[in-house]
Amino acid sequence: MKTPSDELFHLIHSLSSQEKRHFKLFYQGKQENAGFIRLFDCINSLEQYDERKLGAMLHRQGALKNLKRIKSYLQEALLRFLEHHYSDYSADIKLQRLLQRIELLKAKRLFKPAKKILDKAEKLAEETFNYNYLWCIQGLSATRRFLV
């Protein structure tokens, strides 16, 4: 049976050595990140996930308080890093990011910059034949009168 910790172990071990290095650089230097970086290093050094062995390693380094919360925080940090690291990986990811920006700008009632991003998203969807996104974008385009 997989546990969330086991999934975290597999997530960490799925990263390439470059990704691991970039992850640590991404979060380096902030004191509040020291706990989950230490946890990352400990989990990374394990060949198989073993909760007791991990606990002993952490105890030798100065035990982390509230390990469950820090594991959860580490998993979220890894996912945020991967989202950032691969933000230009595919047209789908770029289109999702553009649509998110449009929604944020609309919520802030910044319609002119939202319209510019909408036009950019529409062009990208057409160029990459992403018809699902194009359909969504054209739905937003129908409401362009609100974006002017």
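Nothing fancy with the numbering, it's 1 onward along the sequence.
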With side-chain contact (heavy atoms from CB on, under 4.5 Å) as the test, would you mind laying out the steps for Arg109 and Phe111 before giving the verdict? CA-CA 6 Å; Arg109 304 190 58 77; Phe111 301 119; 4.0 Å; yes
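- Note that Arg80 lies in the cation-pi zone of Tyr73, set by a 6.0 Å cut-off to the ring centre and a 45° limit from the axis.
- For the pair Leu15 and Leu82, the minimum side-chain heavy-atom distance is below 4.5 Å.
- Contact check for Asp41 versus Lys24: side-chain heavy atoms found under the 4.5 Å cut-off.
- Using a 4.5 Å heavy-atom cutoff, the side chains of Tyr133 and Gln96 are in contact.
- You'll find the side chain of Leu54 reaches within 4.5 Å of the side chain of Lys71, heavy atoms only.
- Here the closest non-hydrogen pair linking Tyr27 and Ile37 is CB-CD1, 4.1 Å.
- Residue Glu127 places its CD atom among more than 12 non-hydrogen atoms of other residues, nucleotides or ligands, all under 6.0 Å distant.
- Residues Met57 and Leu46 have side chains in contact (heavy-atom distance under 4.5 Å, counting atoms from C-beta outward).
- The neighbour count for Gln100 CD, taken as heavy atoms of other residues, nucleotides or ligands under 6.0 Å away, does not exceed 12.
- Look at Asp119 and Lys115 and you find a salt bridge, because one of the NZ, NE, NH1 or NH2 atoms lies within 4.0 Å of a carboxylate O, short of that distance.
- Taking the six-membered ring where tryptophan is involved, the planes of His85 and Phe81 are essentially parallel, since the angle between them stays under 30° and well short of 60°.
- Closest approach of Ala91 to Asn130, counting heavy atoms only: CB-ND2, 3.7 Å.
- Atom CD1 of Ile117 is separated from atom CZ of Arg97 by 10.0 Å, given to the nearest 0.5 angstrom.
- Rounded to the nearest 0.5 angstrom, Leu74 CG and Cys42 SG are separated by 11.0 Å.
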Start with the C-alpha gap between Lys106 and Glu103, add the side-chain angles, then the distance that decides, and say whether salt bridge (charged side-chain N to carboxylate O under 4.0 Å, His left out) holds. CA-CA 5 Å; Lys106 281 176 38 183; Glu103 290 300 319; 3.7 Å; yes
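- In this structure, the separation between CD1 on Ile102 and CG on Leu95 is 9.0 Å, given to the nearest 0.5 Å.
- In the displayed structure, Lys120 atom NZ is contacted under 6.0 Å by at most 12 heavy atoms of other residues, nucleotides or ligands.
- Taking CG of Leu67 as the start and CG of Leu39 as the end, the distance is 6.0 Å to the nearest 0.5 Å.
- Taking CG of Leu110 as the start and CG of Leu104 as the end, the distance is 10.0 Å to the nearest 0.5 Å.
- Put simply, NE2 on His13 and CG on Leu8 are 9.5 Å apart, with the number rounded to the nearest 0.5 Å.
- In this structure a side-chain-to-backbone donor-acceptor pair under 3.5 Å is present from Asp50 to Arg52.
- The six-membered or imidazole ring of Phe40 lies away from that of Phe36, with a centre-to-centre distance of 6.0 Å or more.
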